[in-house]
Number of protein chains: 2
Amino acid sequence: MAGIHEVARIAGVSASTVSNVINGRDEKMRPETKRRVLDAITQLNYSPNIAARQLKSGQTSTIGLIVPSVANPFWGSVAHHVERVALQHGYKVLICNAERDPVVETRYAETLLASGITGIILGSSPLSFEHLRDLADNGLHIAAFDRRNHGAENVVACSVSLDQELAGMIAAQHLIGLGHKRIAVVSGPFKTNSRLGRLNGIRAAMGRAKLELPDDMIWQGGDVIGFGDNEGAELGRIGIRELLSRDYPPTAIIAVNDMYALGAYAGARDLGFRVPEDLSIVGFDDIVLSEIAQPALTTIRQPVPAMADAIVRALIRRMEGEAVEGEQAHIDVAPQLIVRGSTASVHRADRA
Amino acid sequence: MAGIHEVARIAGVSASTVSNVINGRDEKMRPETKRRVLDAITQLNYSPNIAARQLKSGQTSTIGLIVPSVANPFWGSVAHHVERVALQHGYKVLICNAERDPVVETRYAETLLASGITGIILGSSPLSFEHLRDLADNGLHIAAFDRRNHGAENVVACSVSLDQELAGMIAAQHLIGLGHKRIAVVSGPFKTNSRLGRLNGIRAAMGRAKLELPDDMIWQGGDVIGFGDNEGAELGRIGIRELLSRDYPPTAIIAVNDMYALGAYAGARDLGFRVPEDLSIVGFDDIVLSEIAQPALTTIRQPVPAMADAIVRALIRRMEGEAVEGEQAHIDVAPQLIVRGSTASVHRADRA
DNA sequence: TCACACTGGTGCAACGTTTTACTAATTCAT
DNA sequence: ATGAATTAGTAAAACGTTGCACCAGTGTGA
């Protein structure tokens, strides 16, 4: 591969001039000189060595995106939109799967920082960001997707998320409004901020309606096999079978995300329950397949394109030092209830 | 951030010695010296600057993965497994979404090569690899996932794929065996090698059974909005509605992948057709949701974990110069028919 | 005692950019 | 005609590693 000096030699100029051309500093340069350089560049098929550039300037136009697992279409969609927005701003995106494992997450973040990447977006919504404090102190800008930065302002520069509690409340209220009284929750471990937020919202709404949410109506699976983002659908299926086998089965289910909800469809079917006649199901996220499912899933949509837009812009402002003191650090987006075919007014509730 | 010289100063040795410790060249070194260096490293929280290392050595332990879109769970799963295997071999993975656009694809490949990455895995299965010839000539090792490298041996170093024709034949034979005679195909544009291969297989099987596959039974959508990997489900839905509105609608559908197939479920439902009573549907890939769908989808499985394993190992052998002359460059894996609930013997065929 | 081999390191020149300070050549104002 | 200002471009020192070539001691055999 040819270097900048080779180009300079061919064009009959100095390396500095070539560098100036490449970087658009061509105000004080004869058009003809510029042309000669450009010609040499195309002739040699030259492209700048990124490692060298980075070593010198300390800058990369790359941001890291750490997600639980791209095998979950929700995160696939997030990755897609983050990349789209980043590209518009001249940034590339490096996607990493960390499976919500803080150790893997930290290792990835370290690697990214060591590669000169100074900004990452974290999708794992952990309860604490302590494992990343060192990196943050060393200059890594961290943005949180799907979690507020409250209580971690010095580690997490900015964040976007649904108002998770409100989202949980809306889901529960929808079911309560349909007359459901025995509502269960299906989820993986409540070890993420977002899940906990949703659960609190559900509790609040039920409390207000004078309904109980006993612990045995909260099904938590997947502790052993990780946080269950890969196996969301499978866990949902298992969870609901367990719940529906009870003496007093629930008449409605709130699944912690759409993958669990779709798994719940299968589990309900396994036991001969019809959705929504015998069982109503609500999910969160609104992945593409939710609309396709039979029946189409009622869910709380996360407006991913807008969220990606907000977080990428906010992060880039921080990385480029443009953020002003006290600039709004968290952006709350409104959850949106999408009513489709998986919820209906209660039928079997009275029988129990 | 501290550098190697700072560490050397603290440990009371030279930078070379620190470098030797970091890179495991410690055979001729007093254990005590090594310990001092290690102590200094932890004390300063030192980690080597990757850009500098790369600039000097020309090596990165990173491979690139270019996929059509991680928004399709199939590619999410591929990314997941590629990453898993790469990590086992000490490599990291950089995932890029190219939406099957040769221009975007080329730009990503250029960026990767310029960053010192000398090996990429390409998932787009293009008809031609000409757009990448230059990069290959400049030292980029290219591996193809989902397509044979035949006819492009000098551009594509190695490849894995299903035997696409066989896969197509198996799908068609399954339906033929159930008595179907009017079989339609739903797909995005046939501009990829894998889709074309599947179609050829279907044709061959039908020809052998003396059945026709007229052009108007091959629905192709999505030309305008890209190659339709994002919109697979939506396209499947539209396509099938169009096919089922014909005077002589098909009794069975082969969808080019599971996303299209799942979309076809919705489209069939829209028009009051029941699956599988009125319409049988077969997909390809076997994504997680296929098992969850109602009814569970009959599909041709791609053994993703094994394929990822094979291609990553083959690519790394090439990158590290260990591949011997004439080493097998393409690995064909066997398609596997997974019969589930979406196919049944023909009922309505006679009515038409 | 000398030549030689080992042991346990060290010194320094790269790698390919960027960028600051500098200069040679030209034009301009006086 | 002279000094100042402008224009168009250059030289060279970084950036943080790596790895070859080298070297100062110490032990060994003749």
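Each chain gets a letter, A, B and so on, in the order the sequences are listed, and its residues count up from 1. Excluded from the calculations below are hydrogen atoms, water molecules and symmetry mates; all remaining heavy atoms, backbone and side chain alike, are included. Computed from a predicted structure; not experimentally measured.
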[atom1] of [X] versus [atom2] of [N]: gap in Å, rounded?
| X | N | atom1 | atom2 | result |
| --- | --- | --- | --- | --- |
| Gln54(A) | dG16(D) | CD | P | 12 Å |
| Arg9(A) | dG16(C) | CZ | C1' | 16 Å |
| Glu6(A) | dC15(C) | CD | P | 13 Å |
| Asp26(A) | dG9(D) | CG | C1' | 14 Å |
| Tyr46(A) | dG16(C) | OH | C1' | 7 Å |
| Leu55(B) | dA14(C) | CG | P | 14 Å |
| Ile4(A) | dG9(D) | CD1 | C1' | 14 Å |
| Ile22(B) | dG16(D) | CD1 | C1' | 10 Å |

Review point. Is there a side-chain contact (heavy atoms from CB on, under 4.5 Å) between Ser19(A) and Ile4(A) once you walk through the steps?
Key: CA-CA 7 Å; Ser19(A) 173; Ile4(A) 205 170; 3.9 Å; yes
May I ask you to test the [X]-[Y] pair for a side-chain heavy-atom distance under 4.5 Å?
| X | Y | result |
| --- | --- | --- |
| Ile120(A) | His141(A) | no |
| Ile121(B) | Val312(B) | yes |
| Phe145(A) | Leu122(A) | no |
| Val21(B) | Leu38(B) | yes |

Check your understanding: Does a sphere of radius 6.0 Å around NZ in Lys34(A) hold more than 12 heavy atoms from other residues, nucleotides or ligands, not counting ones at 6.0 Å or beyond?
Key -> no
Under-3.5 Å N/O pairs linking protein and nucleotides 20-24 of chain D:
none

Review point. Taking it one step at a time, do Asp309(B) and Arg313(B) satisfy salt bridge (charged side-chain N to carboxylate O under 4.0 Å, His left out)?
Key: CA-CA 6 Å; Asp309(B) 197 78; Arg313(B) 295 164 91 110; 3.3 Å; yes
Counting only side-chain nitrogens and oxygens, does [X] get under 4.0 Å of the OP1 or OP2 atom of [N]?
| X | N | answer |
| --- | --- | --- |
| Arg25(B) | dG19(D) | yes |
| Ser19(A) | dT18(C) | yes |
| Asn49(B) | dC15(D) | no |

Check your understanding: Looking for any heavy atom pair under 4.0 Å, which part of the strands does Thr17(A) touch: base, sugar-phosphate only, or nothing?
Key -> base
**Study point:** Residue that, paired with Asn193(A), satisfies side-chain contact (heavy atoms from CB on, under 4.5 Å) out of Ser128(A), Ser124(A), Ser125(A)
**Key:** Ser125(A)
Point to revise | Comparing Ser14(B) and Lys56(B) on DNA chain C - which has the more 5′ nearest nucleotide | key: Ser14(B)
Review point. With a 4.0 Å cut-off, would you call Arg133(A) and Glu130(A) a salt bridge?
Key: yes
Show the distances under 3.5 angstrom between N or O atoms of the protein and N or O atoms of nucleotides 4-8 of chain C.
none

